[in-house]
Participant: 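Below: one structure in structure tokens.
Note on naming: letters A, B, ... go to the chains in the order of the sequence lines (proteins, then strands), and numbering restarts at 1 for each one. What you see is a predicted model; the values in this text were computed from it and never measured.
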Amino acid sequence: MASVSHQPVQGMSDIASPDIALWQMIEQRARGIFARYRFSEVRTPVLEKLELFTHSLGDTTDVVTKEMYMLEDRGGRKLALRPEGTAGAVRYVASGGEESSNARIFYMGPMFRCERPQAGRKRQFHQIGVEAVGVPNPLADAEVIALQVHLLSAWGLEGAEIRLNTIGLPEDRAAVVSGLREAIRPRLHELPEEARQRFETNVLRLLDSKDPEVQKVISGVPPVIEFMSAASRAYLDTVIATLRKLEIHVEVDASLVRGLDYYVHTVWEVVHGGLGAQNALAGGGRYRIDVGGKRIDGVGFAMGVERVIAALEATGITAAQFAPPPPVFIVSLGEAALNENLLLMQMLRQRGVACEMELSARKVQAQMRRADRSGAQRVIIRGDSELEKGIFVLKNMIDGTQQEVELPELMCALEKS
RNA sequence: GUGGGUGUAGCUCAGUUGGUUAGAGCGCCAGAUUGUGAUUCUGGAUGUCGCGGGUUCAAAUCCCGUCACCCACCCCA
């Protein structure tokens, strides 16, 4: 049989020890915070009907047109691997009847986008997200942002900054687009060709362009909020005022735009300096999605776990700090002791002690070396003479001392540590 | 999708204008120490030179293709 490549597919990778310790810390602390804010977990399928995403994210967005993994199943049904979590979560909420009108849910899991990989961008990546469903209420937006800040601090992440803006309601859109076009038109000739096309297709996207030529023109344009209705402006003002009351610092950024069509009112992203070109570690906002004949209003965010990890590592936090506690290692001398120690290990494990041993009668030296490498701070040594006397040698690997103990004493020493 | 860089031992990497048997450090295994690790000394094993094809008397080295990784554009978490 021909050998098969051991490489995973492009842009996807195995996540395992020792890195996994950081993932587990992040997920575990997130669950703790979510419980305090009264959000409950939902695990939606990774595979959804294609139209769920084309309808909710927008069928002209880049995520849908260029980045989605699409496939047909054996019955010819058009499906897609989820590129984000909100659509599936909202579909779940829409299926849930009246009590779901105030659903507060969170999710964590893999998402898929078929883009060219680079720093902070994998084809399978992982998000932790929350959705608070309910009619637009600026206090809800502020609460969700507070939750996000709480998460960042629970993880010990320093140096993150929140940028906030509003994109108004769909009713504001026409005024915003024409207002922006009017403001830019006199300097249209200064823009590169590509940007001039975007002027026609999606002016809003010009606002967050990285092109310095474009930025020069954009810097002279009034903030989008100036073109919005009084109500939309008031909504943003209330969000900002509430955050101030909660002592949450945000940077209001008039150039912030989101790439998905479902956003209304408040949008924000969390950026971090330690990340390279993909410097957003989370994105969020209020949305309005029609699914299954229902209109779902909500506010939520998604955090990119890989990016959170990159930011943590940039600030000096490593997986090693969250490595599992050291085990007890059992060294056996001779076949008889090997078999007895198997029983001992089983008993220790049942009493909650993490332990491991060499499962063959290797030389003591080799077993001690392995014990050292396992990180064990205590080693139990038992051979024929110990078996005869009914005792155990308990060695402290840190100071090298050892003592002979009987079973009750041994259990006592190991269980309390 | 576009562009730049990289792929040699488990890991980090060296490898001359193409030249004979492909190297180092770390790690691993063993011995010194027939019942004691992390230190030291001695010895040992590493390998489809990413994969496939081509040029050549001769390819890790040059050419083409391909796969993957890194970085940026684009986009986004």
Side-chain angles (χ1 to χ4, degrees), chain A residues 2-13 57 61-68 82-86 107-130 148 160 194-195 198 202 205 208-211 256-260 267-272 275-285 300-311 329-334 337 358 361-387 393-402:
Chain A
S3 165
V4 170
S5 168
H6 62 263
Q7 282 177 325
V9 312
Q10 186 179 21
M12 306 197 180
S13 51
L57 311 191
T61 56
D62 283 333
V63 169
V64 165
T65 59
K66 307 200 297 201
E67 299 166 8
M68 218 157 42
R82 60 182 187 192
E84 54 95 63
T86 299
Y107 56 85
M108 37 182 80
M111 308 292 163
F112 304 85
R113 292 186 198 176
C114 194
E115 308 174 83
R116 190 78 165 263
Q118 76 182 77
R121 191 167 77 186
K122 301 289 260 179
R123 288 185 169 185
Q124 173 173 324
F125 60 102
H126 298 77
Q127 289 189 338
I128 296 176
V130 310
Q148 173 146 54
E194 210 179 326
R198 196 160 273 179
N202 193 349
R205 273 267 155 235
D208 64 350
S209 169
K210 284 181 192 167
D211 188 331
L256 181 64
V257 183
R258 300 265 79 199
L260 307 176
V267 293
W268 71 90
E269 64 183 26
V270 182
V271 295
H272 195 276
L275 286 187
Q278 310 297 324
N279 68 343
L281 56 82
F301 62 79
M303 318 199 74
V305 178
E306 285 85 351
R307 293 188 186 176
V308 169
I309 287 173
F329 200 98
I330 305 172
V331 168
S332 318
L333 303 161
E358 174 67 42
R362 289 178 80 190
K363 300 182 59 171
V364 206
Q365 251 182 68
Q367 293 190 56
M368 288 301 296
R369 211 181 308 131
R370 192 179 145 191
D372 186 53
R373 258 182 262 121
S374 77
Q377 294 179 356
R378 291 148 180 271
V379 172
I380 299 168
I381 303 167
R382 189 156 66 146
D384 291 335
S385 62
E386 286 79 15
L387 281 180
V393 172
L394 180 58
K395 173 158 179 160
N396 180 329
M397 293 294 272
I398 296 167
D399 59 20
T401 60
Q402 61 185 46

Participant: Kindly indicate whether the side chain of A:Gln367 and the base of B:U36 share any N or O donor-acceptor pair separated by less than 3.5 Å?
Facilitator: no
Participant: Would you indicate what A:Gly129 reaches in the nucleic acid, counting non-hydrogen atoms under 4.0 angstrom: base, sugar-phosphate, or nothing?
Facilitator: nothing
Participant: Give one of base, sugar-phosphate or nothing for A:Ala371, where a contact means two heavy atoms less than 4.0 Å apart.
Facilitator: nothing
Participant: For salt bridge (charged side-chain N to carboxylate O under 4.0 Å, His left out), just list the numbers for A:Glu84 and A:Arg113, CA-CA rounded to whole Å, side-chain angles, deciding distance to a tenth of an Å, and then say yes or no.
Facilitator: CA-CA 9 Å; A:Glu84 54 95 63; A:Arg113 292 186 198 176; over 6 Å; no
Participant: For A:Lys363, which contact category applies under a 4.0 Å heavy-atom criterion: base, sugar-phosphate, or nothing?
Facilitator: sugar-phosphate
Participant: Could you run down nucleotides 69-76 of chain B 5' to 3' and tag each one B, S or - for protein heavy-atom contact under 4.0 Å?
Facilitator: S-BBBBBB
Participant: What's A:Leu281 touching, base or sugar-phosphate or nothing? Going by heavy atoms closer than 4.0 Å.
Facilitator: sugar-phosphate
Participant: Considering only NZ, NE, NH1 and NH2 on the basic side and carboxylate oxygens on the acidic side, decide whether A:Lys122 and A:Glu306 come within less than 4.0 Å.
Facilitator: no
Participant: Determine: side-chain N/O of A:Arg382 to OP1/OP2 of B:G35, distance under 4.0 Å, yes or no.
Facilitator: no
Participant: Answer yes or no: does a side-chain N or O of A:Arg362 lie under 4.0 Å from OP1 or OP2 of B:C29?
Facilitator: yes
Participant: Going by distance alone, is a donor N or O of one side chain under 3.5 Å from an acceptor N or O of the other, for A:Asp211 and A:Ser209?
Facilitator: no
Participant: Rounded to whole angstrom, note down the C1' distance from B:U61 over to B:G50.
Facilitator: 16 Å
Participant: When you measure from the side chain of A:Arg307 to the backbone of A:Gly120, do you find a donor-acceptor pair of N or O atoms at a distance under 3.5 Å?
Facilitator: yes
Participant: Say we look at B:C63 and B:C74: how far apart would their P atoms be, to the nearest angstrom?
Facilitator: 31 Å
Participant: So for A:Glu386 and B:G35, does any side-chain atom that can act as donor or acceptor lie under 3.5 Å from a complementary atom in the base?
Facilitator: yes
